[in-house]
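No hydrogens, no waters, no symmetry mates; every other heavy atom, side chains included, goes into these values. Numbers restart at 1 for each chain; the letters A, B, ... are given by sequence-line order, proteins then strands.
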Protein chains: 2
Amino acid sequence: MDVRQRIGWNLRRLRKEREISQEDFATDSGFDRGYISGVERGVRNPSVLVLERIAVALGVDVAELLDAQLATRFAASAIRLC
Amino acid sequence: MDVRQRIGWNLRRLRKEREISQEDFATDSGFDRGYISGVERGVRNPSVLVLERIAVALGVDVAELLDAQLATRFAASAIRLC
DNA sequence: TTGTGACTGCGAGTCCGTC
DNA sequence: GGACGGACTCGCAGTCACA
């Protein structure tokens, strides 16, 4: 799985856990809503500074955004649920 | 510690473990030597796609480049050794 | 062998909108 | 609520010469 998709699924997972919308998270993290959408879908290529801002907004460590296992699991269950 | 410094120390640590120069690693990973130098010193802000290329060239997972503990330890010992 | 400043092209990141 | 588009700005990717 691509790093961008890994990050995307992890971001979506952690955001959903907190039960907030992309718009609310965008304002929290100080990013554009459309940009957050792109990151979640894995079409954007964020820099590590962006990653840090996202991690801080989520209250987790940057490394957690790159966790392959959790991303894969969440992606699989998300596909099953839809 | 800044994410960029974390990545920098981890890259330097893993590269030194393999006993190769910045120049050799640059050719291996397909980057410019000056750019690698900047990433190691934490003055560059690489994108996640760059991170993946570096990780592949090192033969490790991207998450390992963001490991805070190993980076801090190596940085401390490096300062002690110099 | 590595650090560093300066440079250009292009993509990251923003703001508007529609569906 | 979220996907997706266009147009825009600014900063990063990638390179080189020199210390």
Side-chain angles (χ1 to χ4, degrees), chain A residues 2-58 62 65-66 71 74-82, chain B residues 1-58 62 65-66 71 74-75 77-82:
Chain A
D2 189 346
V3 209
R4 293 173 298 178
Q5 295 179 344
R6 246 198 242 189
I7 294 164
W9 284 114
N10 278 323
L11 168 54
R12 181 161 293 181
R13 177 175 60 83
L14 293 161
R15 181 176 61 80
K16 291 280 186 185
E17 280 177 11
R18 283 148 185 75
E19 294 180 344
I20 54 177
S21 64
Q22 284 184 351
E23 185 148 18
D24 284 344
F25 180 72
T27 48
D28 285 354
S29 54
F31 284 107
D32 186 66
R33 192 182 57 77
Y35 185 63
I36 295 295
S37 169
V39 173
E40 285 195 359
R41 282 175 290 127
V43 298
R44 288 289 187 156
N45 178 25
S47 71
V48 295
L49 248 25
V50 167
L51 240 55
E52 188 168 53
R53 281 173 62 187
I54 290 177
V56 168
L58 287 168
V62 196
L65 288 173
L66 291 169
F74 183 72
S77 64
I79 291 164
R80 217 186 308 126
L81 289 170
C82 297
Chain B
M1 168 146 40
D2 189 347
V3 209
R4 292 172 299 177
Q5 294 178 345
R6 245 199 245 191
I7 294 164
W9 283 115
N10 278 323
L11 168 53
R12 183 161 293 183
R13 178 176 59 84
L14 293 161
R15 180 177 62 79
K16 291 280 186 186
E17 279 179 11
R18 284 150 185 74
E19 293 179 346
I20 53 178
S21 64
Q22 284 184 352
E23 184 148 17
D24 284 343
F25 180 73
T27 48
D28 285 354
S29 54
F31 285 107
D32 185 68
R33 191 187 55 77
Y35 185 64
I36 296 295
S37 169
V39 173
E40 284 195 0
R41 283 174 295 123
V43 297
R44 289 286 189 154
N45 179 23
S47 71
V48 295
L49 249 23
V50 167
L51 240 54
E52 189 168 51
R53 281 173 62 188
I54 290 177
V56 168
L58 287 168
V62 195
L65 288 173
L66 292 168
F74 183 71
S77 64
I79 289 163
R80 218 186 307 127
L81 288 171
C82 297

Polar atom pairs (N or O), protein with nucleotides 17-19 of chain C, under 3.5 Å:
none

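Side-chain atoms of B/D28 never come within 3.5 Å of backbone atoms of B/A57 as a donor-acceptor pair (strictly under, hydrogens ignored). A distance-only check finds a donor-acceptor pair linking the side chain of B/R18 to the backbone of B/L14 [under 3.5 Å]. One N or O on the side chain of A/R15 and one on the backbone of A/I20 form a donor-acceptor pair closer than 3.5 Å. Checked by atom type and distance alone, the side chain of A/N45 pairs as donor or acceptor with a backbone atom of B/L49 at under 3.5 Å.
Applying the salt bridge (Lys or Arg N to Asp or Glu O under 4.0 Å) test to A/E52 and every residue at least two apart in sequence or in another chain returns nothing. Evaluation of the side-chain hydrogen bond (donor to acceptor under 3.5 Å, both in side chains) rule for A/R33 yields no partner, not counting sequence neighbours. The ring-ring contact (aromatic ring centres under 6.0 Å, His included) search around A/F31 returns A/Y35, not counting sequence neighbours. Every residue two or more places apart in sequence or in another chain that forms a side-chain hydrogen bond (donor to acceptor under 3.5 Å, both in side chains) with B/R4 is listed here: B/D2. Under the rule for a side-chain hydrogen bond (donor to acceptor under 3.5 Å, both in side chains), B/S29 has no partner lying at least two apart in sequence or in another chain. In this structure, the salt bridge (Lys or Arg N to Asp or Glu O under 4.0 Å) partners of B/R12, at least two apart in sequence or on a different chain, are B/E40. Considering only residues two or more places apart in sequence or on other chains, A/E17 meets the salt bridge (Lys or Arg N to Asp or Glu O under 4.0 Å) condition with A/R13.
Within residues 36-52 of chain B, the residues having any heavy atom closer than 4.0 Å to DNA chain C are, in order of number, B/S37, B/R41, B/R44. Against DNA chain C, the stretch residues 15-26 of chain A makes no heavy-atom approach under 4.0 Å.
The shortest heavy-atom contact between B/W9 and B/A71 is CB-O, 3.8 Å. Nearest heavy-atom pair across B/L51 and B/P46 is CD1-CG, 3.8 Å. Scanning both residues, A/I7 and A/V39, for their nearest heavy atoms gives CG2-CG1, 4.2 Å.
Note: CG (B/D32) to C1' (C/dG3) measures 12 Å, nearest angstrom.
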Should B/N10 and B/L66 be marked as a side chain to side chain contact (heavy atoms under 4.5 Å, CB included) after you check the CA-CA gap, both sets of side-chain angles, and the distance that decides it? CA-CA 7 Å; B/N10 278 323; B/L66 292 168; 5.7 Å; no
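Bounding nucleotides for the chain A contact on DNA chain D, 5' to 3', at a heavy-atom distance below 4.0 Å, are D/dG1 to D/dC4.
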Dot-bracket notation for DNA chain D is requested: 5' to 3', Watson-Crick or G-U wobble pairs only, both distances under 3.5 Å, with ( ), [ ], | and . as defined. .||||||||||||||||||
